[in-house]
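Values reported hereafter were calculated over all heavy atoms of this structure, with side chains retained and with hydrogens, waters and symmetry mates removed. Order of the sequence lines fixes the chain letters, A, B, ..., with proteins taken first and strands second; residue numbering starts at 1 for each chain.
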Number of protein chains: 2
Amino acid sequence: MVKQGDSAGTSGSSATLQFSVDRGSPVPLYFQLAQQLEAAIEQGKLAPGSLLGNEIELAGRLGLSRPTVRQAIQSLVDKGLLVRRRGVGTQVVHSQVKRPLELSSLYDDLEAAGQQPATRVLHYAVEPATATVAAALGVPEGSDVLFVERLRLAHGEPMAHLRNHLPSGLLTLGSAELERTGLYRLLRGAGITLHSARQTVGARAATAEEAAQLAEPQGAPLLTMERTTFDDTGRAIEFGSHVYRASRYAFEFQLLVRP
Amino acid sequence: MVKQGDSAGTSGSSATLQFSVDRGSPVPLYFQLAQQLEAAIEQGKLAPGSLLGNEIELAGRLGLSRPTVRQAIQSLVDKGLLVRRRGVGTQVVHSQVKRPLELSSLYDDLEAAGQQPATRVLHYAVEPATATVAAALGVPEGSDVLFVERLRLAHGEPMAHLRNHLPSGLLTLGSAELERTGLYRLLRGAGITLHSARQTVGARAATAEEAAQLAEPQGAPLLTMERTTFDDTGRAIEFGSHVYRASRYAFEFQLLVRP
DNA sequence: GATCGCGTTATGTCCGGACAATCAGACTTC
DNA sequence: GAAGTCTGATTGTCCGGACATAACGCGATC
């Protein structure tokens with residue numbers, strides 16, 4: 001006797017959904033499937049908690065091999081969208097997982113939130129590296145580094161004060177480009193592949209100068225972040241030392257537990 | 001003609017290192033290899049920047065198949081220890097990558113740093129959920145939740161003020177256990193598998209009460225963190241609202257770019 | 001009626017092979 | 001001498017199968 005006993009009947013199980021792959025496309029098959037699964041999850045076509053249907057049957061239905069299907073599923077497990085349970089199946093996770101944590105610039109974050117970001121370049125010069133900067137970037141003390149000081153605005157109001165040091169000769173970026181977009185986008189555009197970053201987030205009271213720049217009362221609490229970014233060869237690409245108005249900004253992120 | 005042309009001869013290449021797997025062991029072969037590779041990297045036996053040697057040859061030398069070797073390598077790539085380059089090979093990354101970001105409690109962090117953590121339980125009671133707490137935990141407003149308020153000390157000095165809300169009936173933890181260890185360790189010990197968390201990190205000035213509890217002057221900048229933790233079924237496990245002395249504590253973490 | 005054992009079902013691990021895509025360096029050509 | 005071209009090396013993708021292992025539900029047993 002067939003009855004719609006639980007959620008499997010009402011909310012779309014994968015058996016009812018139509019996935020398809022294009023073998024002529026240059027994009028890998030597992031990636032095509034992963035994209036379609038992710039889209040189905042985001043659109044609610046795959047209900048949270050619902051089973052995905054077993055891999056071997058799904059592979060047969062799509063004309064793919066099981067390793068390929070597994071690769072697609074695994075990539076979504078790594079993103080935290082799916083959970084596998086041996087003997088049970090693969091389930092869509094309930095919670096609202098967005099992104100584990102992107103290496104993104106403040107500019108992109110603000111733009112994505114529709115905050116109309118703008119940048120004012122306060123300082124732009126090649127200077128000898130101080131001891132702190134040299135240690136962070138792994139270059140000799142006194143060697144040339146590009147020092148950029150910027151004020152980031154949203155809706156015309158100051159949000160953060162950004163100080164960045166970059167090894168000289170890494171890329172040629174002009175002051176004009178920095179007014180237009182974020183630093184990370186410029187780095188990526190220059191063919192540099194960002195790999196990892198080491199961050200420290202803290203808080204302190206605003207100095208008189210900072211208070212004036214950020215339109216905050218003196219001694220107001222500020223959120224601070226220091227970050228050193230590395231490319232995939234291990235070279236330090238950038239050392240940033242930023243302060244944010246705590247009244248206007250907070251870091252928000254998701255993190256996953258490695259199984 | 002064979003000459004030791006470059007670094008491969010001097011710094012330990014994988015060809016000279018002896019890896020071995022035990023087929024009788026219940027631990028997966030790819031995991032055994034991954035552990036040995038990771039150990040070799042951490043001990044410097046595999047120099048940063050050095051090539052790992054091609055997969056197919058490594059597989060043959062160990063008596064494994066290429067997919068198994070690839071799985072081992074892939075797990076280290078995910079950890080950020082290795083970088084693969086098509087047509088070139090697999091390289092050991094230079095930088096000091098520790099951990100992408102663990103879902104750890106402050107207690108464990110302090111203990112690992114040898115800071116002699118201690119906990120003072122200020123409040124411990126089952127109370128009806130407020131609107132904020134109910135929304136964070138996904139339970140009806142007014143339903144029973146366990147409310148725990150703690151003061152965390154390091155070397156006998158106050159470090160943070162921790163407020164946690166847990167859905168009632170999830171686990172039975174006594175006030176005594178909370179004095180002894182961290183909350184996350186207790187949760188894991190109760191068989192709950194932590195999956196993901198949503199965090200917000202900000203800063204604000206200390207209230208009079210907080211200042212007194214944390215031995216800070218009134219209005220001193222504090223680092224704040226709000227965190228909701230979920231298990232792998234998507235249930236909210238815990239909602240925490242914490243403040244840290246900014247003069248004594250900062251969040252430090254590594255993050256990787258998803259390729 | 002409660003407990004134990006067993007089979008079903010699903011993922012986890014592993015194999016051996018095949019072809020394609022890409023990178024670096026040597027070679028050729030202008 | 002500088003530019004483009006070819007070639008070898010190495011990872012990326014994909015296949016089809018095999019057995020192991022864990023979880024759940026069912027029945028049989030006590």
Side-chain angles (χ1 to χ4, degrees), chain A residues 5-6 8 13-15 21-35 37 50-78 82-93 191 193 232-233 259, chain B residues 1 3 5-8 13-15 21-35 37 49-78 82-93 191 193 232-233 259:
Chain A
D6 48 24
S13 139
S14 84
V21 291
D22 173 18
R23 295 197 100 90
S25 163
V27 22
L29 300 179
Y30 79 90
F31 196 79
Q32 292 184 36
L33 177 56
Q35 281 182 318
L37 284 170
S50 67
L51 274 308
L52 202 62
N54 77 52
E55 299 167 346
I56 200 141
E57 190 265 348
L58 181 57
R61 200 144 46 80
L62 285 167
L64 297 174
S65 70
R66 183 154 88 108
T68 303
V69 172
R70 275 183 70 78
Q71 196 173 0
I73 292 176
Q74 187 60 46
S75 70
L76 297 185
V77 171
D78 290 340
L82 297 176
V83 179
R84 316 175 93 143
R85 251 183 250 266
R86 187 187 293 205
V88 179
T90 305
Q91 285 179 302
V92 180
V93 103
T193 61
D232 53 8
T233 70
Chain B
M1 193 197 299
K3 290 187 62 174
D6 48 24
S7 61
S13 138
S14 83
V21 292
D22 173 16
R23 294 198 101 88
S25 163
V27 22
L29 300 179
Y30 79 90
F31 196 79
Q32 292 184 37
L33 177 55
Q35 280 182 318
L37 284 170
S50 67
L51 274 308
L52 203 62
N54 77 52
E55 300 168 346
I56 200 144
E57 190 265 346
L58 182 57
R61 199 144 47 80
L62 285 166
L64 298 173
S65 69
R66 183 154 88 111
T68 303
V69 172
R70 275 183 68 78
Q71 195 174 359
I73 292 175
Q74 186 59 45
S75 70
L76 297 184
V77 171
D78 290 341
L82 297 176
V83 179
R84 316 176 92 144
R85 249 181 251 265
R86 189 188 291 203
V88 179
T90 305
Q91 285 180 302
V92 181
V93 99
T193 60
D232 53 9
T233 69

**OP:** State, yes or no, whether a side-chain contact exists between A:Leu37 and A:Leu52 at a heavy-atom distance under 4.5 Å.
**Re:** yes
Original post:
D:dT10 phosphate, OP1 or OP2: any side-chain N/O from B:Arg70 under 4.0 angstrom?
Top reply: no
**OP:** Go through the structure and list residues passing side-chain hydrogen bond (donor to acceptor under 3.5 Å, both in side chains) with B:Gln35, not counting sequence neighbours.
**Re:** none
Side-chain donor-acceptor pairs under 3.5 Å in residues 22-29 of chain B, sequence neighbours left out?
| residue | atom | partner | partner atom | Å |
| --- | --- | --- | --- | --- |
| B:Asp22 | OD1 | B:Gly24 | N | 2.9 |
| B:Arg23 | NH1 | B:Gly63 | O | 3.4 |
| B:Ser25 | OG | B:Val27 | N | 3.0 |

Original post:
Between B:Gln71 (CD) and D:dG12 (P), how many Å, whole number?
Top reply: 14 Å
Result block: side-chain N/O donor-acceptor pairs under 3.5 angstrom for residues 66-73 of chain B, not counting sequence neighbours:
| residue | atom | partner | partner atom | Å |
| --- | --- | --- | --- | --- |
| B:Arg66 | NH1 | B:Glu55 | OE1 | 2.6 |
| B:Thr68 | OG1 | B:Ser65 | OG | 3.2 |
| B:Arg70 | NH1 | B:Glu55 | OE1 | 3.3 |
| B:Arg70 | NH1 | B:Glu55 | OE2 | 3.1 |

Original post:
Is there a side-chain contact between B:Leu82 and B:Val93 (heavy atoms, below 4.5 Å)?
Top reply: no
Below 3.5 Å is the cut-off: list the nitrogen or oxygen pairs between protein and nucleotides 22-26 of chain D, distance only.
| residue | atom | partner | partner atom | Å |
| --- | --- | --- | --- | --- |
| D:dA23 | O4' | A:Arg86 | O | 3.3 |

Subject >> Whichever of B:Thr90 and A:Thr68 has its nearest DNA chain D nucleotide further upstream toward 5' >> reply: B:Thr90
Between the protein and nucleotides 17-19 of chain C, are there any N/O to N/O pairs under 3.5 Å, and if so, what are the atom names and distances?
| residue | atom | partner | partner atom | Å |
| --- | --- | --- | --- | --- |
| C:dA18 | N6 | B:Arg66 | NH2 | 3.2 |

Original post:
To the nearest angstrom, how far is B:Asn54 atom CG from C:dC23 atom P?
Top reply: 18 Å
Subject >> Partner set under side-chain hydrogen bond (donor to acceptor under 3.5 Å, both in side chains) for A:Asp232, not counting sequence neighbours >> reply: A:Thr193
**OP:** Under 4.0 Å from any atom of DNA chain C, heavy atoms only: list the residues of residues 26-35 of chain B that qualify, in numerical order.
**Re:** B:Pro28, B:Leu29, B:Tyr30
